[in-house]
Amino acid sequence: MKILACTAALFAFSGSAMAQQSSVKPLVVSIMNAEGQAVGTATLSPTASGVKIVLDIKKLPPGEHSIHIHQTAKCDPPDFKTAGPHFSPAGHAHDAAPAGDIPDFSLIVGKDGTAHVSTVAPNVTMGDDDRSVFSSGGTAIVIHAVAGGTGTAAPPRIACGVITKS
């Protein structure tokens, strides 16, 4: 009887968590370049393994670019430094990769300046926890000029979009 009650409670809790996750609607983030022109969108959706990001990009330089979730919900051109460093929740271990990193992913922009691709940011959520892209007033998605580098060696930031609850 106790096993049956525990199992029922577990299913009720799981159903509640799944209902909360499914109640979060996809969020479309407008991405702007240093001149303040729209260069695409990032559509964020919660998944069981992180946040799915669908990128629809236009008018960017062809080639391989890094993208990251940055700490602050601010995208002041021309250098987007106001977005701050990579998103890393309070108490995050210094020797680990920041939560805003997206492992094993580079944005490949075609010769026509466009890209249509999706990836998952595995270390962030769209919930109410400290790993949420909405924590501390929101975050930003930043596209770098080329792939590679972090910290002070990070490539210049060429596009940015503010991530906040709508």
Side-chain angles (χ1 to χ4, degrees), residues 14-34 36-61 64-77 79-92 96-110 113-148 150 154-166:
S14 297
S16 173
M18 289 177 73
Q20 282 182 333
Q21 182 172 337
S22 66
S23 70
V24 176
K25 299 201 182 324
L27 174 69
V28 178
V29 175
S30 180
I31 300 175
M32 310 299 268
N33 66 14
Q37 300 167 327
V39 294
T41 59
T43 303
L44 282 62
S45 305
T47 71
S49 59
V51 173
K52 181 178 181 180
I53 303 170
V54 177
L55 295 158
D56 185 15
I57 301 298
K58 59 185 179 184
K59 301 180 187 173
L60 279 185
E64 190 174 357
H65 303 272
S66 292
I67 68 165
H68 303 101
I69 307 294
H70 283 247
Q71 193 75 33
T72 307
K74 204 164 185 181
C75 288
D76 293 341
D79 61 8
F80 306 114
K81 296 282 186 178
T82 54
H86 293 183
F87 176 58
S88 189
H92 192 274
D101 284 357
I102 302 170
D104 304 320
F105 178 77
S106 291
L107 173 65
I108 308 295
V109 176
T114 67
H116 308 283
V117 66
S118 67
T119 187
V120 173
N123 300 312
V124 296
T125 71
M126 290 179 74
D128 294 325
D129 58 304
D130 67 340
R131 294 184 316 121
S132 173
V133 294
F134 304 126
S135 64
S136 300
T139 55
I141 188 164
V142 173
I143 300 175
H144 293 270
V146 295
T150 59
R157 302 168 184 194
I158 61 169
C160 187
V162 173
I163 303 170
T164 56
K165 283 187 179 181
S166 49

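Model, not experiment: these values are computed from the prediction.
A pairwise comparison of heavy atoms in Phe87 and Thr139 identifies CD1-CG2, 3.8 Å as the closest pair. Closest non-hydrogen pair, Ser106 versus Glu64, comes out as OG-OE2, 2.9 Å. For the residue pair Ala34 and Pro77, the shortest heavy atom distance occurs at O-CB, 3.2 Å. Between Lys74 and Cys160, the closest heavy-atom pair is O-SG, 4.2 Å.
A distance of 7.5 Å separates CD1 of Ile67 from CD1 of Ile31, quoted to the nearest 0.5 Å. Between Ile108 atom CD1 and Ile57 atom CD1 the span is 12.5 Å, to the nearest 0.5 Å. Here the OG atom belonging to Ser66 is positioned 7.5 Å from the NE2 atom belonging to His86, to the nearest 0.5 angstrom. Remark: Thr114 OG1 to Asp56 CG distance equals 8.5 Å, nearest 0.5 Å. Atom-to-atom distance recorded for Met126:CE and Thr47:OG1 is 10.5 Å, nearest 0.5 angstrom. Atoms OG1 and CG, from Thr119 and Leu107 in turn, are 10.0 Å apart once rounded to the nearest 0.5 Å.
Legend: residues meeting salt bridge (Lys or Arg N to Asp or Glu O under 4.0 Å) with Asp104, ordered by chain and number and at least two apart, are absent. Thr164 is linked by a side-chain contact (heavy atoms from CB on, under 4.5 Å) to Ala73, Val162, counting only residues two or more places apart in sequence or in another chain.
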| field | Candidate pair Val117 and Phe105, rule side-chain contact (heavy atoms from CB on, under 4.5 Å), full reasoning | value | CA-CA 10 Å; Val117 66; Phe105 178 77; 3.9 Å; yes
| said: Please determine whether side-chain contact (heavy atoms from CB on, under 4.5 Å) holds for the pair Ser135 and Asp130, giving the CA-CA distance in whole Å, both sets of side-chain angles, and the decisive distance to 0.1 Å. | reply: CA-CA 6 Å; Ser135 64; Asp130 67 340; 5.5 Å; no
| request: Take Leu44 and Val29 through the test side-chain contact (heavy atoms from CB on, under 4.5 Å) and record every step on the way to the result. | output: CA-CA 8 Å; Leu44 282 62; Val29 175; 4.1 Å; yes
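When atom types are taken as modelled, the side chain of Ser132 and the backbone of Gly127 share a donor-acceptor pair closer than 3.5 angstrom. Side-chain N or O atoms of Arg157 include none that pairs as donor or acceptor with a backbone N or O of Ile143 at under 3.5 Å. Under the 3.5 Å distance criterion, the side-chain polar atoms of Asp101 are left unmatched by any main-chain donor or acceptor of Pro103. With hydrogens and angles ignored, the 3.5 Å screen pairs a side-chain donor or acceptor of Gln71 with a backbone N or O of Ser88.
By the 4.5 Å heavy-atom criterion applied to side chains, Val133 and Thr125 are not counted as neighbours. No side-chain heavy atom of Val120 sits under 4.5 Å from any side-chain heavy atom of Ile53. Side-chain contact between Val109 and His65 is present, with at least one heavy-atom pair separated by less than 4.5 Å. Side chains of Leu60 and Ile158 form a contact here, defined as non-hydrogen atoms less than 4.5 Å apart. Here the side chains of Ile163 and Ile69 are in contact, with some heavy-atom distance below 4.5 Å.
For CG of Asp76, the number of neighbouring non-hydrogen atoms (other residues, nucleotides, ligands) closer than 6.0 Å is greater than 12.
For residues 121-145, the ring pair (Phe, Tyr, Trp, His ring centres under 6.0 Å) pairs, not counting sequence neighbours, are His68-His144, His70-His144.
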